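This report concerns only the one structure given below.
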Amino acid sequence: MRIDILTLFHEIFDGPLSESIMKRAIDKSMVEIFFHNIRDYSEDKHNRVDDYTFGGGAGMVMRIEPVAKLIEHLKKQREYDEIIYTTPDGELFNQRTANTLSLSKNIIILCGHYKGIDQRIRDIYITKEISIGDFVLTGGELAAAVMIDAIVRLVPGVISDETSALTDSFQDNLLSPPVYTRPADYKGHKVPEILLSGHEKKIEEWREKEAYRRTKKLRPDLLDE
Ligand code: ADE
C-alpha cells in the first residue's frame with residue numbers, strides 16, 4: 001500500500017510513524033508513505049499557499065493552484081483508489097472506513113489548513129472527506145496520522161498475530177471484553193474464575209457476553225447500527 005500525504009507540516013508525522021507497529025510496517029515496506037510539501041508547488045514568489053476569503057470573513061483559505069498542480073503530478077504517475085481530504089465537516093471516520101481503506105493500493109491524503117481549502121479543490125479532486133470527530137484541530141495532520149495508524153495496522157501482515165486485529169473493539173460493532181494477566185489475585189481483586197478454568201468454549205461464551213454487556217452499557221448506539 002502507498003500513501004501520499006499532502007501537507008505543510010510533515011514533521012508532525014515523525015512521532016506517530018517512528019515507533020512500534022507503524023515503524024515496522026514502514027521498515028518492512030508493507031506500507032510506503034511519501035510526503036509532499038504543498039508549498040513546493042506554489043508559483044507565488046513568496047511561496048504563499050493561502051489567500052483571503054472571497055466575500056470577506058475571518059481566516060485564510062488554501063489556494064487551488066499549488067494543490068491542483070501537486071495532485072495532477074501524482075495522478076499522472078499512478079491510479080489512486082481515493083483522494084481524501086481531512087476536514088471537520090467530512091464523514092466520521094470509523095473502523096469500517098479503516099477496513100475498506102486498508103485494502104487500497106494507493107491513496108492520497110490532503111491535510112487541510114487555515115479556514116479550509118477552496119471549495120473547487122474538493123469538487124474537482126477529492127473523492128472522500130473524512131473527519132475524526134466532532135471537534136476542530138489546528139490542521140489535518142493529526143487527523144491523517146490517526147487514520148494512517150488505524151488503516152496500516154489492518155494491512156495484511158502488519159500485525160503478526162492475524163487474529164489480534166480481527167478481535168479488536170468495533171470489528172463486529174462491539175467493544176472488546178475485559179482482559180487480565182497474572183497475578184490471578186491482586187490484593188483481593190480476583191480474575192473472573194471462568195478465565196482460569198481452561199474451558200475454551202465457556203471462555204468464548206463469557207467473552208461474547210461481556211463484549212455485549214460492555215457495549216450496551218458504554219456505547220448503546222453501536223447496537224443500533
Ligand atoms: N481538521 C481539523 N479538524 C479536523 C477533524 N476533526 N477531523 C479531520 N480533520 C480535521
Side-chain angles (χ1 to χ4, degrees), residues 1-19 21-22 31 33-42 48-55 57-68 70-71 74 80-104 106-155 168-170 173 175 218-219 221-222 225:
M1 170 176 212
R2 176 186 169 115
I3 306 176
D4 286 283
I5 303 175
L6 283 44
T7 173
L8 291 166
F9 303 101
H10 68 88
E11 289 95 342
I12 293 176
F13 293 89
D14 289 353
L17 298 181
S18 67
E19 298 281 349
I21 292 171
M22 290 305 120
V31 56
I33 299 184
F34 295 89
F35 294 100
H36 307 272
N37 190 342
I38 298 165
R39 212 175 287 286
D40 293 343
Y41 290 78
S42 164
R48 276 213 346 224
V49 290
D50 59 327
D51 210 335
Y52 296 101
T53 321
F54 271 133
M60 305 294 278
V61 175
M62 203 183 273
R63 291 167 50 85
I64 299 183
E65 293 94 330
V67 177
L70 176 46
I71 294 178
L74 291 170
Y80 285 93
D81 300 278
E82 296 283 3
I83 302 181
I84 299 164
Y85 173 55
T86 54
T87 175
D89 58 2
E91 69 178 79
L92 270 185
F93 186 67
N94 59 23
Q95 194 64 24
R96 198 177 329 122
T97 315
N99 281 333
T100 308
L101 289 173
S102 74
L103 302 173
S104 314
N106 302 309
I107 58 174
I108 288 175
I109 304 180
L110 168 62
C111 302
H113 255 277
Y114 309 108
K115 193 76 197 157
I117 53 172
D118 191 301
Q119 178 60 37
R120 289 166 291 181
I121 284 285
R122 299 168 72 157
D123 297 343
I124 299 168
Y125 294 109
I126 301 300
T127 60
K128 205 171 187 57
E129 304 188 324
I130 299 183
S131 163
I132 63 157
D134 291 340
F135 41 78
V136 179
L137 300 164
T138 314
E141 281 76 10
L142 288 176
V146 165
M147 283 167 37
I148 289 168
D149 189 294
I151 294 164
V152 168
R153 63 191 291 286
L154 296 171
V155 171
D168 286 339
S169 275
F170 302 113
N173 255 7
L175 303 181
L218 301 169
R219 291 293 306 279
D221 56 299
L222 292 175
E225 280 178 19

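Side chains included, hydrogens not; waters and symmetry mates left out as well; all remaining heavy atoms used. Just so you know, these numbers come straight off a predicted model, no measurement behind them. Order of appearance sets the numbers: ligands from 1, and atoms from 1 within every ligand.
In terms of protein heavy atoms, atom 9 (N) of ligand 1 is closest to Thr87 N, 3.2 Å. Protein heavy atom in closest approach to atom 7 (N) of ligand 1: Ile132 N, 3.0 Å. Looking only at protein heavy atoms, the nearest one to atom 1 (N) of ligand 1 is Pro88 CD, 3.6 Å. Here the heavy atom of the protein found nearest to atom 3 (N) of ligand 1 is Leu137 N, 2.9 Å. For atom 8 (C) of ligand 1, the closest heavy atom belonging to the protein is Ala143 CB, 3.4 Å.
Distances below 4.0 Å separate heavy atoms of Val136 from the following atoms of ligand 1: 3 (N).
Distances between N or O atoms of Phe135 and those of ligand 1 include at least one value under 3.5 Å.
The two residues Tyr85 and Gly116 make their nearest non-hydrogen contact at OH-CA, 3.8 Å.
Contacts between Ser131 and ligand 1, counted as non-hydrogen atom pairs separated by less than 4.0 Å, involve both the backbone and the side chain.
At least one heavy atom of Gly133 sits under 4.0 Å from some atom of ligand 1. Within the 4.0 Å heavy-atom cutoff, Ile130 counts among the residues contacting ligand 1.
Donor-acceptor pairing under 3.5 Å is lacking for the side chains of Asn99 and Ser102. At a cut-off of 3.5 Å, with distance as the only test, a side-chain donor of Glu141 or Thr7 sits close to an acceptor on the other residue.
Remark: Asn106 CG to Phe34 CZ distance equals 10.0 Å, nearest 0.5 Å.
The local environment of CG in Asp221 is crowded, with over 12 non-hydrogen atoms from other residues, nucleotides or ligands closer than 6.0 Å. Few gaps surround CD on Gln119; more than 12 heavy atoms of other groups in view lie less than 6.0 Å from it. A 6.0 Å sphere centred on OH of Tyr52 holds no more than 12 heavy atoms belonging to other residues, nucleotides or ligands.
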